[in-house]
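Basis for what follows: all heavy atoms, side chains included, without hydrogens, waters or symmetry-related copies.
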Amino acid sequence: MPEATRNADQNAAEVRYNPAEIEPRQQAKWDADASLYAAEPHSSGKPKYYVLEMLPYPSGKLHMGHVRNYSIGDALARYQWMNGFNVLHPMGWDSFGLPAENAAIKNNTAPRKWTLNNIAEMRKQMHRMGLSYDWAREVTTCLPAYYRWNQWFFLEMYKRDLAFRKKSRLNWCPKCNTVLANEQVVSGHCWRHEDTLVEQRDLTQWFFRITRYADELLDGLDKLEGWPEKVRTMQRNWIGRSEGAEVTFAVDGCTDNMSITVFTTRIDTIFGATSLQLAPDHPIVKHWASFDGELAPAVEEMLAQQKTARDTDALGELPKYGVPTGRFAINPFNGERLPIWIANYVLSGYGTGAVMSVPAHDERDFEFATKYGLPIRRVVAPNLDTDDLPLPYTDKTEAVLIDSGEWTGEPVLEALEKMAKHAEANGFGRATVTYRLKDWGVSRQRYWGTPIPIVYCEKCGAQPVPESQLPVLLPENVDIADVNGSPLSRVPEFVNTTCPVCDGPATRETDTMDTFVDSSWYFYSYTEPKNSSAPFGSDEANYWFEIDQYIGGVEHAILHLIYSRFWTKVMRDIGLIKNSEPATRLFTQGMVIKNGAKMSKSKGNVVSPDDMIAKYGADATRMYALFAAPPDRDLEWQEEGVAGISRFLSRVYRIVMKYAPALRSSDHGITQEALSTAGQRLLRKQHQTLAKITLDFSGRWHFNTCIASVMMLVNELVASESAMDSGEVSPTTQRELFRSLTLMLAPFAPFVAQELWEELGNEGVVFRQPWPKADAELAREDEIEIPVQVNGKLVNVVKVAAEADVEAIKAIAHADEKVAGRVAGKTVVKVIVVPGKLVNLVVK
RNA sequence: GCCCGGAUGGUGAAAUCGGCAGACACAGCGGACUUAAAAUCCGCAGACCUUAACCGGUCGUGGGGGUUCAAGUCCCCCUCCGGGCACCA
């Protein structure tokens, strides 16, 4: 503030807190120092700390969810700087994707232009919020400098058979006009269109073989102790590992040695199998239906019914029904001849699409067998003598096999293993593991994404684009309004090329990559975004990784967070990095809601961050986002609450400005002096507050209570104004109190903290000062109040010396009048004293 | 059906290791300042009963049971809400 204005303000009755003036002025000063938020070289000697918030999709406007996410990350980054870490705190843009195409069609703007404009707009908003990003490391995924490495990774994966092409049944969103990965289907609907049912289509597409890492992705979860249990559970469910066995049944009387392989988790019950059930789209069913005029319509009908049910997400509610095929299979364990059925509850997409039906020991098989009168044969019981328990009997922990030939008497858990081995030794089966996780389909029939670097030659087939020809540039000026097929297929100059092998005519792949490819490795790019010969340098990545703290919404628990774990393992196997997981700690913040519902345009309950900042300032808006609820819980946005934080900051501003001029001009030397009672009380509160904030930053992150404790400190300072005015609290103590107050505010309200830091006559940037150390001795109370209970009910609160021992406390409690009144005429049976906590007298 | 969270005043919430339930705020009420209002400052504030008032008492953390001198917190059972998986063989 210019000297003249300051003097004028001092003459006024009161200096008003004016964030609209303070914040842009401080921001301009910070902007002048390009190195302010820059990560330092490895040689800095400081320990590194990589704090990362999930990069946004550049929709054009920040929403409150962003504000909350970034306020948490920013507070942590600033705190770690103050603790002497070399902090990496970058930001970027997940900028490929469908909304750019939709906007392009609607507004007649090219996706690239629309996207880059939005980025500029959002960068401006982040700047106004005062977020501490190292913009020199900004990553924009839709630019060739970035997406060329997507193509490079694709080729690396192709070399390792991790990228491959196959025909399969895929999810198709009719609104997106493209294929979706399984992870992008939420309860049968498109992840981007909650109201749109996903259809199934048979298409030839590119896949990433994430299933090769299924076990490692699953086992790694146990070691991710810094991740929320919820996210780990969701990923475990998603991977869906199931141990069991495959058993091959020969088809009876079949001239061409046909067989059917079933998957079962209960091979021990195979002597109880009374039929085989096949999915209606099992290959052998298709084969039979092709010449069996009776079977074909039944199969058709069942398929149609399954499709309808799947489309409405009601697969589980379909009444069970089946059709006998008239064919029989031979149980390899006992030679028994079992009827083969097709059944609508058997799914082709899981296991082998065929099951053995054991009605006595499986709920579904029991229901089915009862309906069709199939035999029900018990082969497992708690022991050899009890066989009158209700069916189906599914317990396997304390059960043995009965009526199972040579296996009779064998405990179930042992039989599972032995019988699988037996099957393998005799060539009709083996122990196996089935996963729910499927390979990641990455082809998208859209324009605004990374072109897949493959060309098709009539002579040489599918060929990878040579690395030297990367990037395959995404052409501009493409007609994207026509939704039939991939837009790139309508650009002849893109499509027509030459074969890298034979130099003959060839055509390019016209699908683009799923946008989740971009976000699978972007955080590595931050370590060296300007590398032009590799996606990033290994030394850089090995220095910064793993991410120390990753912060984002829980909605990515099984999309981004499983893909990026997969990608990290692939990069490790390529030799680019050493770590096997991307992030040591993950924090998933709660949603921002308004009137009990998630903010959305359709509900009309959206609160604009711009409005909040314009009205109350960035400090108050950010601080409210941290104060209103612990960060992992949903936060109800109440504007009155922001106003409350603004009032609190005004109070801080007023009291500091009141004393700052005198403190600024007085001697800065530390004088040895006896502390007054008031001074001691205030310093005690200060160090208690400091200890609380320091503890919370170490992991619990309940910034709401941190801010509450700063409020208590400020309340105490306000209440002590007369003691400060009179000099009872010395200027030295005052200076220390206000100095540390600004330091404590720095992570949460950096603008006003900086302003007051300067007003107090300090040099430099407040959030580069060392975080003050909480002094346990200063924080210690001399005298504490402890409750006295009689039979567990509170009777009085007595004051005792902080270090009082059990006997002393007992004596004080007994001496208390109120307590004596309660105890009179009764016998004290027992006295419980918890030093520092309470006294409880048990009387009769 | 299986798995993971959650439920505390009018509202957001606090109680981190079994030890005073409701810190800190918001909204509300009362007061000071003001011609007035805003802003600011000071104070009250879980519910119920009792009292003229003070005092005093009872109940109270979704419900029911239990362990304990002591339970929002631990154990068992249940309800409701949010989320994930699901005819997964």
Measuring from atom CD of A:Glu785 to atom CG of A:Leu838, what distance do you get when rounded to the nearest 0.5 angstrom? 14.0 Å
Output yes when [X] and [Y] qualify as a salt bridge under the 4.0 Å nitrogen-oxygen rule, no when they do not.
X: A:Lys594; Y: A:Glu639; result: no
X: A:Asp362; Y: A:Arg266; result: no
X: A:Asp222; Y: A:Arg236; result: yes

Using a heavy-atom cut-off of 4.0 Å across all strands, would you classify [X] as base, sugar-phosphate, or nothing?
X: A:Gly240; result: nothing
X: A:Arg647; result: sugar-phosphate
X: A:Pro319; result: base
X: A:Ile786; result: nothing
X: A:Val831; result: nothing

Starting at the 5' end of RNA chain B, which residue's closest nucleotide do you reach first, A:Asp365 or A:Asp696? A:Asp696
Please write out the pairs of protein N or O atoms and N or O atoms of nucleotides 69-76 of chain B separated by less than 3.5 Å, giving the distance to one decimal.
{"unit_1": "B:C69", "atom_1": "O2'", "unit_2": "A:Asn840", "atom_2": "ND2", "d": "3.2"}
{"unit_1": "B:C69", "atom_1": "O2", "unit_2": "A:Asn840", "atom_2": "ND2", "d": "2.6"}

Aromatic rings [X] and [Y]: how do their planes relate, parallel, tilted or perpendicular, breaks at 30° and 60°?
X: A:Phe748; Y: A:Phe697; answer: parallel
X: A:Tyr372; Y: A:Phe368; answer: tilted
X: A:Tyr563; Y: A:Trp440; answer: parallel

Check: A:Asp439 side chain, A:Ile210 main-chain N or O, donor-acceptor pair, under 3.5 Å: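 Between the backbone of A:Ile210 and the side chain of A:Asp439 there is a qualifying donor-acceptor contact (under 3.5 Å).
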Test A:Ile645 against A:Met711 for side-chain contact (heavy atoms from CB on, under 4.5 Å), laying out the working first. CA-CA 10 Å; A:Ile645 294 288; A:Met711 288 173 170; 3.7 Å; yes
Whole-Å distance between [N] [atom2] and [X] [atom1]?
X: A:Arg700; N: B:C17; atom1: CZ; atom2: C1'; answer: 13 Å
X: A:Lys685; N: B:C24; atom1: NZ; atom2: P; answer: 9 Å
X: A:Gln688; N: B:A23; atom1: CD; atom2: C1'; answer: 14 Å
X: A:Asp632; N: B:C4; atom1: CG; atom2: P; answer: 18 Å

Check the pair A:Lys658 / A:Asp725 against salt bridge (charged side-chain N to carboxylate O under 4.0 Å, His left out), numbers first and verdict last. CA-CA 10 Å; A:Lys658 176 176 168 189; A:Asp725 292 338; 3.5 Å; yes
Under 3.5 Å, which protein N or O atoms sit close to an N or O of nucleotides 11-13 of chain B? Give each pair with its distance.
{"unit_1": "B:U11", "atom_1": "O2'", "unit_2": "A:Gln638", "atom_2": "NE2", "d": "3.1"}
{"unit_1": "B:G12", "atom_1": "O2'", "unit_2": "A:Ala628", "atom_2": "O", "d": "2.5"}
{"unit_1": "B:A13", "atom_1": "O3'", "unit_2": "A:Asn704", "atom_2": "ND2", "d": "3.4"}

Would you tell me whether A:Gln235 and A:Trp227 have side-chain atoms, one donor and one acceptor, within less than 3.5 Å of each other? no
Would you say A:Arg822 places a side-chain N or O within less than 4.0 Å of OP1 or OP2 belonging to B:G57? yes
Pair assignment for RNA chain B - dot-bracket with | for other-strand partners, Watson-Crick or G-U under 3.5 Å: (((((((..(((......[....))).(((((.......))))).((((......))))..(((((..]....))))))))))))....
Answer yes or no: side-chain N or O of A:Lys793 and base N or O of B:U58 forming a donor-acceptor pair under 3.5 Å. no
